Amino acid sequence: QVQLVESGGGLVQAGGSLRLSCAASGSIFTINTMGWYRQAPGKQRELVATITRGGLTNYADSVKGRFAISRDNAKNTVYLQMNSLKPEDTGVYYCNANGVTITLIDFISWGRGTQVTVSS
């Protein structure tokens with residue numbers, strides 16, 4: 001009952017920037033933690049960054065200092081600002097959220113993913 005839709009992916013040169021957005025919709029009462037994960041070809045999906053409703057953030061070591069996660073609780077939207085992009089950042093980026101529906105049911109939702117390609 002909760003859907004996530006990512007946007008903002010694309011092709012960028014190394015050293016460039018992209019800003020990803022993910023909007024949650026549906027029968028939402030509250031969203032707790034939101035986050036971004038990515039999966040490169042031939043690799044497992046890995047955590048990129050997470051943010052709690054109160055703004056506590058967590059980053060993978062590989063993106064610290066380059067990426068910044070933020071959210072707008074009023075819009076049920078999470079963002080990922082990606083700067084100084086490297087070819088190894090290439091992959092499908094997935095949005096994740098967990099929380100409670102209006103019927104007081106816990107939920108965990110994933111977006112379909114958005115492709116980020118960084119050329120050298």
Side-chain angles (χ1 to χ4, degrees):
Q1 291 299 125
V2 178
Q3 299 81 43
L4 305 179
V5 180
E6 303 101 334
S7 63
L11 175 65
V12 65
Q13 296 184 59
S17 298
L18 284 173
R19 182 174 171 85
L20 306 182
S21 299
C22 172
S25 62
S27 56
I28 300 168
F29 178 70
T30 190
I31 298 176
N32 296 324
T33 300
M34 304 185 80
W36 291 95
Y37 297 73
R38 68 187 181 189
Q39 187 168 22
K43 298 180 64 178
Q44 293 191 123
R45 187 175 301 185
E46 65 177 355
L47 182 147
V48 176
T50 60
I51 183 168
T52 68
R53 183 171 184 84
L56 182 64
T57 59
N58 182 49
Y59 296 92
D61 288 341
S62 60
V63 307
K64 288 180 179 176
R66 299 188 298 120
F67 292 9
I69 189 170
S70 61
R71 64 188 285 175
D72 185 335
N73 292 336
K75 296 181 178 179
N76 287 333
T77 299
V78 63
Y79 307 93
L80 185 68
Q81 179 66 47
M82 304 186 294
N83 299 322
S84 302
L85 282 162
K86 305 174 180 179
E88 50 262 45
D89 294 319
T90 293
V92 179
Y93 283 67
Y94 298 90
C95 179
N96 172 268
N98 67 74
V100 183
T101 70
I102 58 174
T103 55
L104 304 183
I105 302 298
D106 293 341
F107 73 85
I108 301 174
S109 293
W110 290 90
R112 290 177 178 265
T114 184
Q115 178 70 44
V116 172
T117 303
V118 184
S119 62
S120 61

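The first residue in the sequence is number 1, and the count goes up from there. The structure presented is a predicted model; accordingly, all values stated were derived computationally and were not measured.
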Open item on the list: Would you say Leu47 ends up clustered with Val92 if hydrophobic residues are merged whenever their side chains have heavy atoms under 4.5 Å apart, either directly or through other cluster members?
Closed with: yes

- [ ] Determine which pairs satisfy ring-ring contact (aromatic ring centres under 6.0 Å, His included) with at least one residue from residues 51-75, sequence neighbours left out, and list them in order.
- [x] none

TODO: Return each pair, listed once, that meets ring-ring contact (aromatic ring centres under 6.0 Å, His included) where at least one residue sits in residues 73-120; pairs must be two or more places apart or across chains.
DONE: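 Checked against ring-ring contact (aromatic ring centres under 6.0 Å, His included) - neighbours excluded - the pairs reaching residues 73-120 are Tyr37-Trp110.
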
For [X] and [Y], work out which heavy atoms get closest and say how close.
{"X": "Leu80", "Y": "Ala49", "answer": "CD1-CB, 4.3 Å"}
{"X": "Arg53", "Y": "Arg71", "answer": "N-NH1, 3.1 Å"}
{"X": "Val118", "Y": "Thr90", "answer": "N-OG1, 2.9 Å"}
{"X": "Leu85", "Y": "Arg66", "answer": "CA-NH1, 3.9 Å"}
{"X": "Gly111", "Y": "Glu6", "answer": "CA-OE2, 3.2 Å"}
{"X": "Met82", "Y": "Val116", "answer": "CE-CG2, 4.0 Å"}

Open item on the list: Please enumerate all residues that pass side chain to side chain donor-acceptor pair (under 3.5 Å) together with Thr117, with sequence neighbours excluded.
Closed with: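 Thr117 satisfies side chain to side chain donor-acceptor pair (under 3.5 Å) with Gln115 once adjacent residues are dropped.
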
- [ ] Please name all residues satisfying side chain to side chain donor-acceptor pair (under 3.5 Å) with Lys86, sequence neighbours left out, ordered by chain then number.
- [x] none

Measure the spacing between [atom1] of [X] and [atom2] of [Y] and express it to the nearest 0.5 Å.
{"X": "Cys95", "Y": "Gln3", "atom1": "SG", "atom2": "CD", "answer": "12.5 Å"}
{"X": "Ser109", "Y": "Asn98", "atom1": "OG", "atom2": "CG", "answer": "9.0 Å"}
{"X": "Gln1", "Y": "Ile105", "atom1": "CD", "atom2": "CD1", "answer": "11.0 Å"}
{"X": "Met34", "Y": "Asn96", "atom1": "CE", "atom2": "CG", "answer": "8.5 Å"}

Task: Arg38 bridged to Glu46 by N-O distance under 4.0 Å - done: yes

Task: For Asp106, salt bridge (Lys or Arg N to Asp or Glu O under 4.0 Å) partners two or more places apart - done: none

Side-chain donor-acceptor distances from residues 10-33 under 3.5 Å, at least two apart:
unit_1: Ser17; atom_1: OG; unit_2: Asn83; atom_2: OD1; d: 2.9

